[in-house]
Protein chains: 2
Amino acid sequence: MTETKPFNSTEYMNHISLDCVIFGFNNNELKVLLLHLKYSKEYALPGGFLKYDETLEQAAQRIVKERTGLDKLFLKQFKVFSDPDRSKSNKAIFDADMAGIKPDKSFFDKRFISVGFYALVDFRKVKPTPDLFSDHCDWVSLNTDVSMLLDHKLIIENAISTLRLQLSQQPIGLKLLPRKFTMPELQTLYETILGRDLDRRNFQRKMLNYNILDKLKERKTGGAHKSPYLYSFNMERYQKALEDGLSGIW
Amino acid sequence: MTETKPFNSTEYMNHISLDCVIFGFNNNELKVLLLHLKYSKEYALPGGFLKYDETLEQAAQRIVKERTGLDKLFLKQFKVFSDPDRSKSNKAIFDADMAGIKPDKSFFDKRFISVGFYALVDFRKVKPTPDLFSDHCDWVSLNTDVSMLLDHKLIIENAISTLRLQLSQQPIGLKLLPRKFTMPELQTLYETILGRDLDRRNFQRKMLNYNILDKLKERKTGGAHKSPYLYSFNMERYQKALEDGLSGIW
DNA sequence: ATAATAATGTGTCGCAATGACACTAGGTGT
DNA sequence: ACACCTAGTGTCATTGCGACACATTATTAT
């Protein structure tokens with residue numbers, strides 16, 4: 001699916017688009033996978049349109065696979081963006097034009113409402129792949145302020161708020177971390193999403209009390225200072241625990 | 001806005017519809033406002049389509065106003081329903097036909113993805129008003145099992161799950177209850193949404209500790225047995241408390 | 001080597017929130 | 001007057017949580 005087919009607007013439904021906020025966690029930072037548009041020099045969310053025989057969820061999986069190479073990812077709808085003016089002055093068209101792609105104006109000029117999805121992925125497994133309109137595809141830290149297409153900055157902010165609210169209801173840690181991880185890494189992930197510091201000792205106690213982690217014999221070596229233990233999620237217990245929601249608000 | 005204009009499909013965007021799950025609380029039961037279709041004899045959610053210059057939120061307000069007479073209601077998107085087959089065998093068309101409304105087939109025959117909204121309203125203020133396709137508009141208790149159009153039963157189930165998850169983040173009590181209410185009423189509302197019983201004394205203690213209620217001098221008279229005190233929400237403090245979320249899961 | 005540095009592992013203490021539960025007070029109907 | 005039902009209020013033991021201290025282990029500087 002790395003083949004780059006020309007864009008054919010007749011395959012897609014009018015008026016409906018998708019934007020995917022793909023979260024990854026690396027170097028103790030929460031990052032989002034963004035496309036850098038060839039000519040307008042802005043960043044844009046990976047997005048796309050709905051085929052006639054797809055659900056939105058299937059379309060989102062397809063779009064995310066094209067940008068990451070990954071299958072069957074954790075994806076959630078979080079909001080529809082429907083401001084009538086949101087897709088005006090769509091620089092993506094301009095970009096397509098400049099790229100010599102001959103966009104179908106009667107398709108792109110229409111009003112689009114966009115369904116926002118967020119995805120949680122294991123950073124290391126992703127092969128960032130640009131699309132027809134972009135020259136590269138990068139992980140961008142949430143602290144970095146870059147110029148973005150249309151309302152994409154708003155969409156990312158909404159995704160983060162949702163992530164924060166759903167931290168206790170969705171398997172966020174499981175999806176964002178590699179299989180083996182350390183307690184400090186898990187804590188930093190939580191701190192990044194919540195936007196505030198947590199007490200190291202209380203965090204560990206609470207996490208362990210959930211009884212969803214397996215402490216491994218191994219330690220993570222190589223880093224400076226004392227080697228932390230590695231943990232992995234106990235899938236069964238984690239899944240079961242999420243059904244009620246991990247009690248408490250962090 | 002009680003005027004009944006003929007349906008003109010050219011005012012609306014193709015492919016996009018809305019369905020509104022309007023919740024009310026009466027007689028200690030959670031109820032949903034439904035339309036009863038004239039000819040197919042099924043119940044349907046109040047719904048409609050998106051005008052070219054509206055946001056989805058504005059469309060939802062418009063739709064809910066037409067069915068309830070109420071303005072500026074509490075409305076939240078909760079999910080988009082996009083199964084490609086969801087709008088097949090759309091009995092609403094049949095119903096329109098039978099009602100002699102001459103529906104624009106080229107509009108209705110298209111595939112629609114539907115954005116689900118839920119609304120929280122004060123039961124007593126609503127004037128249920130049927131639309132062109134329906135013969136009446138009723139409050140239906142969630143315990144009642146009625147035959148419903150398309151995937152509308154699924155949509156309602158999703159709305160309730162969302163309501164449950166958001167019970168601590170949204171002003172649900174405030175919007176569903178009259179200005180003055182009793183503690184047992186508030187408790188029953190919580191129990192209905194959560195689907196389980198709560199301890200009377202612990203519930204009261206926890207609620208009062210949030211410091212969001214004003215205990216009034218009055219008592220609710222007329223009922224059998226001991227008269228309960230009336231309470232009202234302290235808007236400022238409630239609003240402020242919700243910003244963090246009412247701590248704890250019920 | 002040795003010490004300084006910095007991060008991790010582990011434990012304690014007191015307060016506040018929670019769940020389980022019992023008694024009293026105020027209404028109705030007989 | 002009494003039974004019956006519902007509402008108001010209080011207690012107690014346990015748990016959860018925030019604040020905090022000390023020991024351990026790895027790297028790095030001297």
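Here is the naming used below: chain letters follow the sequence lines, and residue numbers restart at 1 for every chain.
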**Student:** Taking CG from Leu246(B) and C1' from dT18(C), how many angstroms apart are they, rounded to a whole number?
**Tutor:**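 Answer to the nearest Å: 16 Å.
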
**Student:** At under 4.0 Å, does any side-chain N or O of Lys206(B) touch on OP1 or OP2 of dA17(C)?
**Tutor:**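 Answer is no, no contact under 4.0 Å.
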
**Student:** Under a 4.0 Å N-O cut-off, is there an ion pair linking Lys153(A) with Asp145(A)?
**Tutor:**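 So Lys153(A) pairs with Asp145(A) through a salt bridge.
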
**Student:** Expressed as a whole number of angstroms, how long is the span from Glu218(B):CD to dG27(C):P?
**Tutor:**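 From Glu218(B) CD to dG27(C) P: 15 Å.
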
**Student:** Are any of the side-chain nitrogens in Arg86(B) or Asp19(B) under 4.0 Å away from the carboxylate oxygens of its partner?
**Tutor:**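 A salt bridge is present here (some side-chain N lies under 4.0 Å from a carboxylate O).
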
**Student:** Looking at Lys175(B) and Asp122(B), is there a salt bridge between them, counting it only when a charged N and a carboxylate O are closer than 4.0 Å?
**Tutor:**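 Answer for the salt bridge query: no.
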
**Student:** Looking only at side chains, do Gln204(B) and Gln187(B) share a donor and an acceptor under 3.5 Å apart?
**Tutor:**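 No pair is found: no donor N or O on one side chain lies under 3.5 Å from an acceptor on the other.
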
**Student:** Tabulate atom names and distances for all N/O pairs under 3.5 angstrom spanning the protein and nucleotides 25-30 of chain D.
**Tutor:**
| residue | atom | partner | partner atom | Å |
| --- | --- | --- | --- | --- |
| dA26(D) | O4' | His225(A) | O | 3.4 |

**Student:** Would you tabulate the nitrogen or oxygen pairs shorter than 3.5 Å linking the protein to nucleotides 9-14 of chain D?
**Tutor:**
| residue | atom | partner | partner atom | Å |
| --- | --- | --- | --- | --- |
| dT9(D) | OP2 | Lys215(B) | NZ | 3.3 |

**Student:** Before we go on, tell me: are the rings of Tyr190(A) and Phe203(A) under 6.0 Å apart, centre to centre?
**Tutor:**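 Between Tyr190(A) and Phe203(A), the centre distance is under 6.0 Å.
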
**Student:** Output yes when Asp199(B) and Arg205(B) qualify as a salt bridge under the 4.0 Å nitrogen-oxygen rule, no when they do not.
**Tutor:**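 Result for this pair is no, no salt bridge flagged.
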
**Student:** Do Lys38(B) and Asp135(B) sit within salt-bridge range, that is, some charged N less than 4.0 Å from a carboxylate O?
**Tutor:**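 Salt bridge: no.
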
**Student:** Please give, in whole Å, the distance from dA17(C) P to Met207(B) CE?
**Tutor:**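 Roughly 15 Å, once rounded to whole Å.
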
**Student:** Does the separation of the ring centres of Phe181(B) and Phe233(B) fall below 6.0 angstrom?
**Tutor:**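 Here the rings of Phe233(B) and Phe181(B) have centres that are less than 6.0 Å from each other.
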
